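One structure is given here, and the rest of the page talks about it.
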Amino acid sequence: MADAIEMLETIGRSASLRHASAEELTHILERELAPEALVAAVTQEDSSLLHAMLGSRLNQVPQVVQTPGREEEEPEPEDEEDPLTSVIPSRPK
Amino acid sequence: MNTPISPALDVTRRGSLACVGLGMTLGSHLTPLARSHIEQADVVFAALSDGVVELWLERMHPDVRSLQPYYAEGKSRMKTYRQWVELMMAEVRAGKRVCGVFYGHPGVFAWSPHKAIAMARAEGFEAHMEPGISAEDCLYADLGIDPGRYGCQHFEASQLLFYERRIDPAGYLVLWQAGLVGDRSLARFKTGSAYRQLLVELLEQDYPLGHPVIIYRAATLPIDRPRIRHMALRDLAQATLTPEETIVLPPACILKPNLAMHERLEALDRQDKTDALA
Ligand SMILES: C[S@@+](CC[C@H](N)C(=O)[O-])C[C@H]1O[C@@H](n2cnc3c(N)ncnc32)[C@H](O)[C@@H]1O
């Protein structure tokens, strides 16, 4: 039996599964004996159920933030600078 | 031309760096070449937006090191990014084949991959960026927008507040990282509605307050649907906005013909015709 990550990969790469309705996908996953949390996430259209089961870090906050640099305006290694004043963009290049 | 190759350059160093994109959606977007970079690396560093996607990546390589722990509320993100670059470079310098895996496209609104590649090359190592499907690509598909139709400007939302920029309301406007608009500290993951109100006031110079705004989130898991919310510009400040959402403003005015250029083109066409007959 495939585990949740393998099943997600299979869904992600299949045209029919990726765009199946929640009901169709629920049906298929139940038939394949998918982990309960995956089925629940699909049925309830709530992927946080899956995150909870896999115990994965919720990366959503920081990792989406990779601000393109305003670093050129900042003096190099900044160490214990005051974060509120170190990168103020008041010195345009 | 016959200058002898300096011994330092002569040495082939084995360390190398590839920064690749994983795309947005688990299982759907990873290119065969990006996957091969991951599989053939000695060490893999991961900067992904979804923890489940990170688990998926861990299946592809036995040594996947998450860059996530280097973030901290209250710590400047520039510091975090510098650490990322240093972590990757330390392994490159140690002679390893390093692969940095970033969600979406590694070079789109992302500082450290560009920086790490430039640094690696400057130090004489081989370095390569492999594109991925970005949030922007998904946005065009899910919202049915063609950036070529009216033109399309992209800004980090904060840049609009920090600098004097010229918005062209005849084209699309796409705002990235609006969830933390106005954060000058680079140390917060989120700013409140008062900050977004400033953005609304700025946009009000070019758009009516009733102008439609789209708040968009691409699916990161293949069981998700894209999230698309519509609202009026005036309601943007009060809306809840997550850091991974992107804002789109459709055009607010029609394209205005450039009559002077039309006249000049007309003259050129006439000239072309005369030349052809001569
Ligand atoms: C630092 S940028 C990184 C973009 C990434 N390199 C890419 O190729 O899409 C982070 C911003 O990308 C956008 N973004 C990230 N995840 C997204 C998603 N799932 N849907 C829509 N936009 C997203 C948001 O504007 C977010 O603030």
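Naming: A, B, ... by sequence-line order, numbering from 1 per chain. Note that the structure is a prediction, hence the values are computed from the model and not measured. Every heavy atom of this structure was used, including side-chain atoms; hydrogens, water molecules and symmetry mates were not.
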Which pair of non-hydrogen atoms, one from Gly12(A) and one from Ser28(B), has the smallest distance, and what is that distance? O-OG, 2.6 Å
Tell me, yes or no, whether the heavy-atom count around Phe155(B) atom CZ, taken from other residues, nucleotides or ligands under 6.0 Å, exceeds 12. yes
Check this for me: Tyr195(B), atom OH, are more than 12 non-hydrogen atoms of other residues, nucleotides or ligands nearer than 6.0 Å? no
Looking at CD1 of Ile11(A) and CG of Leu221(B), how far apart are the two atoms once the value is rounded to the nearest 0.5 Å? 9.5 Å
Can you confirm whether His27(A) is buried at NE2, in the sense that more than 12 heavy atoms of other residues, nucleotides or ligands lie under 6.0 Å from that atom? no
Are more than 12 heavy atoms, taken from residues, nucleotides or ligands other than Glu39(B), located less than 6.0 Å from that residue's CD atom? yes
Is it the side chain or the backbone of Ala20(A) that comes within 4.5 Å of chain B heavy atoms, both, or neither? backbone
Gap between atom CG of Leu8(A) and atom CG of Leu26(B) - 0.5 Å precision: 5.5 Å
Student check: side-chain heavy atoms of Arg18(A) and Thr25(B) closer than 4.5 Å: yes
Considering only heavy atoms, which portion of Leu25(A) lies under 4.5 Å from any heavy atom of chain B: side chain, backbone, both, or neither? side chain
If I take atom CD1 from residue Ile223(B) and atom OG1 from residue Thr26(A), how far apart are they, to the nearest 0.5 angstrom? 9.5 Å
Of all heavy-atom pairs between Arg13(A) and Gly27(B), which one has the smallest distance, and what is that distance? CB-O, 3.5 Å
What distance do Arg225(B) atom CZ and Ser47(A) atom OG have between them, rounded to the nearest 0.5 Å? 11.5 Å
